[in-house]
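For this chain, numbers begin at 1 and follow the sequence in order.
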Amino acid sequence: MKVHYNIIIAGAGGIAEAAGLILAEWSTVPPTIYIGNRTLEKAQSVSQWIMNGTTKSCKVVPFLLDANAITDEMKGIFEKGDALLDCLPGSLAPKMAQFAKDFDLYYANLTEYVAETDQIINLAKNANTGFVLQTGLAPGFINVLANHLFQEFCRDFYVEAVDTLEFKVGALTINAVAPHYYGFTWSPIGVATEYVKDAIAIRDYKKVNLPSLSEREGIIINGLAFEEDLTSGGAADLPDALKGKVRSLDYKTLRHPGHYAWVEEELSKIDANINPIEKLQHRMLDAIPHVEDDQIVLYAAVQGNDSEGTLRRREISKIIHPQKVGHHQLRAIQTTTAVPLIQSIQWLLENKSKGITLQSNIFPKEFLNGAYIVPVYGNV
């Protein structure tokens with residue numbers, strides 16, 4: 001941030017604490033940060049963690065956040081706030097967005113949930129402030145990167161359509177053991193949700209719904225072997241924005257080889273008609289440990305014929321590891337998710353945009369070379 005703002009962070013989990021620390025440490029002018037959570041003790045703990053972790057002077061204020069009602073304390077904070085960063089579970093996103101609209105706060109969230117995103121799009125149509133949605137890692141950064149590749153390919157090769165646009169992300173452990181070949185580095189409910197809900201893609205230039213985990217393939221990235229498969233949420237709004245321009249477009253999640261076969265076996269034991277997400281989550285939690293040592297693997301590619309008929313392909317791949325910010329070491333999933341959220345809210349505050357901004361609406365070059373993005377993702 002280049003001037004002082006009052007930034008409210010809803011939630012006190014790993015992404016919220018990372019966003020607070022990065023705002024405090026990397027902003028030219030550190031904001032005043034308000035950390036709201038359903039338990040005050042957790043908000044207080046994260047607030048102190050941020051202040052202990054930054055090398056700069058930054059005021060961090062904890063408060064009790066009620067997702068269902070406005071307390072006097074919340075009202076006072078919302079009235080003097082400039083922006084709301086929503087780091088709560090996706091099911092609560094419409095409620096947080098309504099608070100932002102009611103109190104004229106600029107708003108950005110992380111959720112990949114499609115129904116909740118549609119709700120926010122409807123409620124924010126006549127808002128006085130701007131809303132950037134689905135702006136984490138996937139959906140989020142990876143969609144802007146894919147759109148950048150598409151635009152650059154069309155411009156450089158004098159075409160208006162391409163054959164394929166593919167983008168993939170994996171939040172993975174460094175090591176993986178049988179039988180699941182996985183470790184939780186982020187929300188278990190998020191993992192279970194993306195495995196069960198349908199994926200949105202483009203096939204034959206048309207937007208389609210496809211079953212998650214229905215197109216598994218192998219891929220080598222930076223010399224390492226991974227498996228990829230369709231999962232829900234990661235495509236954001238690109239299937240809507242690019243239908244008619246791309247023959248085949250999809251988002252896939254990267255995993256260590258062997259993981260998807262284990263998930264498939266677990267799903268076969270579950271009644272798909274009775275709470276499959278909850279049941280898969282429980283089965284995974286019983287077998288899969290949480291692991292701190294993580295990495296983010298991402299890949300995006302565009303392929304098609306140039307104006308003279310020559311088949312062309314462009315690719316970008318990155319492997320991102322944990323990073324020290326101030327006095328604290330942040331996991332890769334924390335930095336890669338938090339900085340697109342922060343970059344988006346900075347853009348809103350600087351440009352005073354109103355209404356909804358989706359991933360296809362973000363100007364790629366400016367975003368991908370943003371002051372918060374580059375220290376984590378590098379230059380594009």
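The two residues Leu84 and Ile345 make their nearest non-hydrogen contact at O-CD1, 4.3 Å. The minimum heavy-atom distance between Pro375 and Gly370, with the atom names listed, is CD-O, 4.5 Å. Between Trp186 and Ala171, the closest heavy-atom pair is CD1-CB, 3.8 Å. Residues Ser232 and Ser212 come closest through the heavy atom pair N-OG, 3.4 Å. Here the closest non-hydrogen pair linking Cys154 and Val162 is SG-CG1, 4.2 Å.
With respect to Asp240 and Lys207, a salt bridge is recorded, a charged nitrogen being found less than 4.0 Å from a carboxylate O. Taking the charged nitrogens against the carboxylate oxygens, Glu217 and Lys168 have no contact shorter than 4.0 Å, which rules out a salt bridge. Checked for salt-bridge contact, Glu73 and Lys75 miss the test: no charged N lies under 4.0 Å from a carboxylate O. A salt bridge between Arg247 and Asp163 is present, with a side-chain N of the basic residue lying under 4.0 Å from a carboxylate O of the acidic one. At a threshold of 4.0 Å, the pair Asp156-Arg314 counts as salt-bridged, since one of the basic side-chain nitrogens sits closer than that to a carboxylate oxygen. Classification of Asp293 and Arg331 as a salt-bridged pair fails, no side-chain N sitting under 4.0 Å from a carboxylate O. A salt bridge is absent between Lys269 and Glu264; no separation between the charged side-chain nitrogens and carboxylate oxygens falls under 4.0 Å. Using a cutoff of 4.0 Å between basic side-chain nitrogens and carboxylate oxygens, Arg255 and Glu228 are not scored as salt-bridged.
Within a 6.0 Å radius of NZ in Lys2, other residues, nucleotides and ligands contribute 12 heavy atoms or fewer. Within 6.0 Å of atom NZ in Lys354, 12 or fewer heavy atoms from other residues, nucleotides or ligands are found, so the atom counts as exposed in its surroundings. Annotation for Asp286: atom CG counts as buried by contact number, over 12 foreign heavy atoms lying within 6.0 Å.
Note that CG of Leu224 and CG of Leu254 are 11.0 Å apart. Values are rounded to the nearest 0.5 Å.
Relative orientation of the Tyr260 and Tyr195 rings is perpendicular, given thresholds of 30° and 60° on the angle between their planes. Using the six-membered ring where Trp is involved, Tyr107 and Phe131 have ring planes that are tilted, between 30° and 60° apart.
Between the side chains of Glu41 and Gln44, no donor-acceptor pair is found at a separation under 3.5 Å. Asn175 and Thr173 share no donor-acceptor pair across their side chains, judged by distance under 3.5 Å alone. With 3.5 Å as the limit, one finds no donor-acceptor pair spanning the side chains of Asn222 and Lys318. For the 3.5 Å distance criterion, the side chains of Thr71 and Asp66 fail to qualify, holding no donor opposite an acceptor.
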- Is there a salt bridge (charged side-chain N to carboxylate O under 4.0 Å, His left out) between Asp306 and Arg312 once you walk through the steps? CA-CA 7 Å; Asp306 64 19; Arg312 305 276 187 176; 3.0 Å; yes

Please output the side-chain donor-acceptor pairs of residues 112-121 that fall under 3.5 Å, not counting sequence neighbours, one pair per line with the distance.
{"residue": "Thr117", "atom": "OG1", "partner": "Tyr113", "partner atom": "O", "Å": "2.7"}
{"residue": "Thr117", "atom": "OG1", "partner": "Gln134", "partner atom": "NE2", "Å": "3.4"}

Indicate every side-chain donor-acceptor pair of residues 9-29 with a distance under 3.5 Å to a residue at least two apart or in another chain.
{"residue": "Glu17", "atom": "OE2", "partner": "Gln334", "partner atom": "NE2", "Å": "3.2"}
{"residue": "Glu25", "atom": "OE1", "partner": "Thr54", "partner atom": "OG1", "Å": "2.8"}
{"residue": "Glu25", "atom": "OE1", "partner": "Thr55", "partner atom": "N", "Å": "2.7"}
{"residue": "Glu25", "atom": "OE1", "partner": "Thr55", "partner atom": "OG1", "Å": "3.2"}
{"residue": "Glu25", "atom": "OE2", "partner": "Thr55", "partner atom": "OG1", "Å": "2.7"}
{"residue": "Ser27", "atom": "OG", "partner": "Met1", "partner atom": "N", "Å": "3.3"}
{"residue": "Ser27", "atom": "OG", "partner": "Leu23", "partner atom": "O", "Å": "2.6"}
{"residue": "Ser27", "atom": "OG", "partner": "Tyr372", "partner atom": "OH", "Å": "2.7"}

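Residues satisfying the ring-ring contact (aromatic ring centres under 6.0 Å, His included) criterion with Phe184, sequence neighbours excluded, are Tyr182, His290.
Aromatic pair Tyr299/Phe167: centroids not less than 6.0 angstrom apart.
A side chain to side chain contact (heavy atoms under 4.5 Å, CB included) with Ile320 holds for exactly one of Val297, Asp294, Leu298; it is Leu298.
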